[in-house]
Each structure stands twice: as structure tokens, then as C-alpha cells.
Amino acid sequence: MHWLVSIAEFLVNEVLSQPAYLVGLITATGLIALRRSAGQIIGGAIKATLGFLLIGAGADLVVAALAPLGEMIQGATGAHGVIPTNEAIVGIAQAQFGARVAWLMIVGFGVSLLLARFTPLRYVFLTGHHMLFMATLLTVVLATAGQSSAVVVLVGGVLLGILLVSMPAFAHPWTKRITGDNTLAIGHFGTAGYVAAGATGQLVGKRSRSTEDMKLPEGLRFLRDSMVATALSMVLIYVIMAMLFLAKAGRATAFKAFAPDGGAAATGFGNYLMQSVMQGLQFGIAVAIILFGVRTILGELVPAFQGIAKKVVPGAVPSLDAPIVFPYAQNAVLIGFLCSFLGGLVSLGLLSALFHPWFGLALVLPGLVPHFFTGGAAGVYGNATGGRRGAALGAFVNGVLITFLPALLLKVLGAFGEENTTFGDADFGWFGALIGNAAKPGGAGAVVLMLAIGAVVLGGAVLVQKRVVETGWDPGARRDAVLPRTEAPVAATTATATTAHAKIAPPAGAPVPPPPPEDG
């Protein structure tokens, strides 16, 4: 029997506890369930495993790139400053919590399928990278609060499953306003920002015309490339902070900012400036590697999940990534991005002047990538209910949310709050802060409280589905009543809206809906 115990120990310690192998096995299981060929199963499992290893490699580069920035922010402002980047914080967390994240994601997806099958919330969340991000967030906040691995996986999995079916329901009245039908839902954890943008549009844009009547410069379209946007934003942030640090700390100290472990200091101002530029570019490379790893995993894992879901939940509404709404209002995407970024800058000023000294909140620097994706989608939601004013002010509100909510989230991330990066989208902030604070007391009471929060979210989503979505409430009906006759309601003219103006493709690097699984 000793050999049997040795085999069991080997499987547990060397295979199932290694997240890269675990993700490969999950992928293989899904592909087997879809009756793929042996070659497809082996190839898919290996690709998913390699993708996970790429995430770890990118995470090491992210940590190296962010270290000097954190020191410069601290030295220039006296405050802890972070740049929300989901891929970066997920990559860092995988090194410590990878296996628990993988198991939590499996449990969460299974719970979501059960809820979609047996409740009115018939949404199947297919944005795999956000499923991974939320699984990582829940793992971090629960583990940081001292919860056991069993609680992390089981309770976290239940909470993840609830979110996967609930958040699409909360946004669906506004999503239907954009798309004109019930064929798809939004499956992205920036939902609080999108609902806020849609509601803001209702308040301010009763007589405002659509953004699609405007002509915007083509020269700004390059920002759709996520790698370019990330590198550009980080270069700008690094150069600005390097200049502030130089002014505050002096040449002798500042020139050593990019010389870790006793390396050579900058030889002059020009060299110091270009070192800051290179550091920003290195961060862009690191995030690109992590993104490639995530896409490699999900390219195999999501189709398997999709195929299984199609069999378990007939007639389900697929919940897809934020860029799925971009083609419905291409001008609103760009306006939303710019106004969301402006909201982030204004919020940063408030954090620096008031909320950091009063409440000890970290400075959250606006990054182009989260503001583009969530701000662009918020612009589309705001435009659907409030035209130009709705797109601008709704996206501005989103920018405020994705600045203050990450600052609150940092309070429950423990040591991960010192990593100079964090989760960036709105739902990570509010839900992570709630669950993190509920988990802190520990024991059975904390478990009951966390599950009670999940039950409230689930109950609210069911109520919205039954009383709002299924009754056909249109959040833009009041605006339609006063629009000029030449502008038809968005929800009633989906075909016209999507053909009268040229569509834009989702930004380069954005995850796209996977192809439907092959029959059999």
C-alpha cells in the first residue's frame, strides 16, 4: 500500500497543487466532455498550461517595473500610489494563490451554471479573463482575512457563481436599450460603472442628441491597441513622477531610482529621463506577456466552458466582454474614454488633497487601459439614455468610481495592497471591499455574513430580472418621447444604428467571443 500512498502524494503535491498543471487538466476535461479528438485535447491542455506559465513570467517583469515607481511616488508625494492593472495584480497573486484561484474558478462556474439553470437569471458568463480576475480577487481577500483554503474555495466559489449571473441582470435593461433585443448581455465586472453611466444619461440627457451625429478625429484611434495604450500611459506616468521626484529629492537621490541592488546611477538628466521612458515601456511589455498568457489559456478553456454551458442551460443568454457594445456607438467609445480619464484625474486630485490626508486612502493613478475599456463602454451606455451629455457625464462618473473604489479595496488586500497595482474595474472595488471586511472577523460568523451578502446580491438580481427586465422597462423611453423626429430611438432601430455609422472593431488585444463549439 505504500506505493499507493506515494502516488496519491505525488498527484496532490506535484500536480493538483500546481496551478499550471491544474489549468491544463481542467481544459483537457472540458475538451473531453466536448468529444474532441486526442490531438485537440492534448494540444489544448498544453497550450493552457503554457499560458499559465506566461502569466508568471509577465508578473515578475511587472513587479520589477513597478518597484521604482512606488518609491518615486512615495518620495514625491509622501503617499502610497498605485496604478490599477487587473492583469498585473492577477499575475502577482498567482505565485502564492494559483491553485486556490483555479479551484475557486471551477466551483464558481459550476455554481453559475446551476443558478442559470434553476433561477430566472439565465445568463452564462463567457468573459473568461474576468472570471479569472474575480476568482483571484476573492481568493486574495479571503486568504488575507485568514480564512481556510476550504472556505476560500467553497464560499468564494459560491460568491463568484452569484456574481456571474447577477451582474449581467443588473445591467440588462440598459444593455437591451443599446442592442435592441435580448440576444446578448454584458459579462464584464465594470457593471456598476455602466449602470451608473446609463442612469446618469437618464438624468442629464433628456434632449441631448446622439454622439453618432458627431465626427471625431481618426488620429486617436491608435489608442484602441491595448499594448500601445498601456505603454503610453506608463511612460507618461513614469516621466511625470520622475520629474516630481527629481524636484523633491534632488539629483543624488533621484538618479539612483532606476539602479536597484546597488546598480549604476543615471549619468545625467537625459539619461535619467530616458531610463524613466524605458521603465514605462518595460511595464507595457510585461502586461502584454500576461495578456498573451491569459488569452492562450482562455482560447482553450472558454470554448470548453461554453460548450458545457450550452448543454446544461438551454436558451441561455451569453454574457460577453465590454467591447461587444462598442460597435453600437463608436463616437461614444472615444468620448467615454476621454471623459472617464478626466474623471480619474479629478478624483486623483481629490484623493491627494483630501481623502489621503483625512482617511489614508492611497493615490490611484489613472491608467489608459481601464479607462478605455470601461470608460468606452460607459460612454455607450450613457449615450443610449442621454446622448452626448449622457456619454460624457456618465463616463466621467465611471472614472470617479474606478478611482475611489480601488482605493477602498486596497484596505482589504493586506500585503497585496503594497504591490503598487490593484484591481481596476468598478465591481472588483465594491464587492471586494464588502467581502473583505465581512471576512475579517473570521469564524462561522464571517462565513454567514459573506453568504448573506451574496444572497442579497442574488435576490436583488432576481428582483430586477422579474420586475424590470421581463416587464420590458426601457430606461430611455422618456428621452425618446422628446427626441426630434429625425433621430429614431436606439432600442427600436438596432439594424439602422449599426449600419448607418461604420462599426469599429473591438480594440486590438481585447478578448473576443469564442466561436461556438463544434457539435458532437
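Count residues from 1 along the sequence. Given the structure is predicted, the values throughout are model-derived calculations rather than measurements. Side-chain atoms are counted along with the backbone in the values below, which use heavy atoms only and exclude waters and symmetry mates.
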query: Side chains of Thr422 and Asn86: closer than 4.5 Å at any heavy-atom pair?
result: no

statement: Note: Ile186 and Ala171 closest approach over all heavy atoms is CG2-CB, 3.6 Å

- request: Would you please indicate if the ring centroids of Phe423 and Phe431 are separated by under 6.0 Å?
  value: no

Any side-chain heavy-atom pair of Val462 and Leu121 under 4.5 Å: yes

query: Got a sec, which residues hit salt bridge (Lys or Arg N to Asp or Glu O under 4.0 Å) with Lys440, two or more places apart in sequence or on another chain?
result: none

query: So, do His130 and Phe428 have ring centers that fall under 6.0 Å from each other?
result: yes

- prompt: Centres of the Tyr123 and His172 rings: under 6.0 Å?
  reply: yes

- request: Please report the shortest heavy-atom distance between Val317 and Ala185, naming the atom on each side.
  value: CG1-N, 3.8 Å

- request: Ignoring hydrogens and angles, tell me if any N or O in the side chain of Thr471 forms a donor-acceptor pair with the backbone of Val468 under 3.5 Å.
  value: yes

Check: Lys176 and Asp181 side chains under 4.5 Å, non-hydrogen atoms: no

task: To the nearest 0.5 Å, tell me how far Leu138 CG sits from Met450 CE.
output: 9.5 Å

message: Give me the atom names and distance for the closest heavy-atom approach of Ala426 to Gly193.
response: CB-N, 3.9 Å

query: Hey, is Arg177 close enough to Asp474 for a salt bridge, meaning N to O under 4.0 Å?
result: yes

task: Could you check Ser319 against Leu184 for side-chain contact (heavy atoms from CB on, under 4.5 Å), going step by step and ending with a plain yes or no?
output: CA-CA 6 Å; Ser319 302; Leu184 60 88; over 6 Å; no

message: I need the Phe341 CZ to Thr403 OG1 distance, nearest 0.5 Å.
response: 9.5 Å

- request: Could you tell me whether the side chain of Leu342 reaches within less than 4.5 Å of the side chain of Phe396, counting heavy atoms only?
  value: yes

- prompt: What heavy-atom pair brings Trp174 and Phe170 nearest, and what distance separates the two atoms?
  reply: CZ3-O, 3.5 Å

- request: Could you check if a side-chain atom of Ile46 sits within less than 4.5 angstrom of a side-chain atom of Leu50, using non-hydrogen atoms only?
  value: yes

message: For the backbone of Thr191 and the side chain of Asp427, can you confirm whether one donor and one acceptor N or O come within less than 3.5 Å of each other?
response: yes

query: Any chance the side chains of His371 and Asn398 put a donor and an acceptor closer than 3.5 Å?
result: no

message: I'd like to check Val346 versus Val400 (side-chain heavy atoms, cut-off strictly below 4.5 Å). Are they in contact?
response: no

field: Point-to-point distance, once rounded to the nearest 0.5 Å, from CG of Leu154 to CG of Leu142
entry: 11.0 Å

query: So how far is it from Leu348 CG to Phe404 CZ, rounded to the nearest 0.5 Å?
result: 9.5 Å

- request: For the residue pair Tyr194 and Thr175, confirm or rule out a side-chain donor-acceptor distance under 3.5 Å.
  value: no

field: Under 3.5 Å donor-acceptor, Gln202 side chain and Gly386 backbone
entry: no

field: Nearest-0.5 Å distance that lies between atom OG in Ser149 and atom CZ in Phe97
entry: 9.0 Å

query: Are the side chain of Ser112 and the backbone of Leu164 linked by a donor-acceptor contact shorter than 3.5 Å?
result: no

task: Sort and list the pairs that fulfil salt bridge (Lys or Arg N to Asp or Glu O under 4.0 Å) and have at least one residue in residues 455-468, not counting sequence neighbours.
output: Lys466-Glu470

- request: Identify the heavy atoms of Ser340 and Gly375 that sit nearest to each other, and give their distance.
  value: CB-CA, 3.6 Å

- prompt: Is there a side-chain contact (heavy atoms from CB on, under 4.5 Å) between Met134 and Leu163 once you walk through the steps?
  reply: CA-CA 9 Å; Met134 185 60 79; Leu163 285 183; 3.7 Å; yes

- line: Separation between CD1 (Ile402) and OG1 (Thr374), nearest 0.5 Å, reads 3.5 Å

task: Before giving the answer on side-chain contact (heavy atoms from CB on, under 4.5 Å), spell out for Leu159 and Ile435 the whole-Å C-alpha distance, their side-chain angles and the decisive distance to 0.1 Å.
output: CA-CA 9 Å; Leu159 294 174; Ile435 296 301; 3.8 Å; yes

query: Ala135 and Val101: which non-hydrogen atoms are nearest, and at how many Å?
result: CB-O, 4.0 Å

message: What verdict does the side-chain contact (heavy atoms from CB on, under 4.5 Å) test give for Leu405 and Leu409, after you've listed the backbone C-alpha separation in whole Å, the side-chain angles of each residue and the deciding distance to 0.1 Å?
response: CA-CA 6 Å; Leu405 289 175; Leu409 176 63; over 6 Å; no

query: Side-chain contact, heavy-atom cut-off 4.5 Å: Leu115 with Ile162?
result: yes

- request: Give a yes or no answer on whether the side chain of Asn383 reaches the backbone of Gly379 with a donor-acceptor pair at less than 3.5 Å.
  value: no

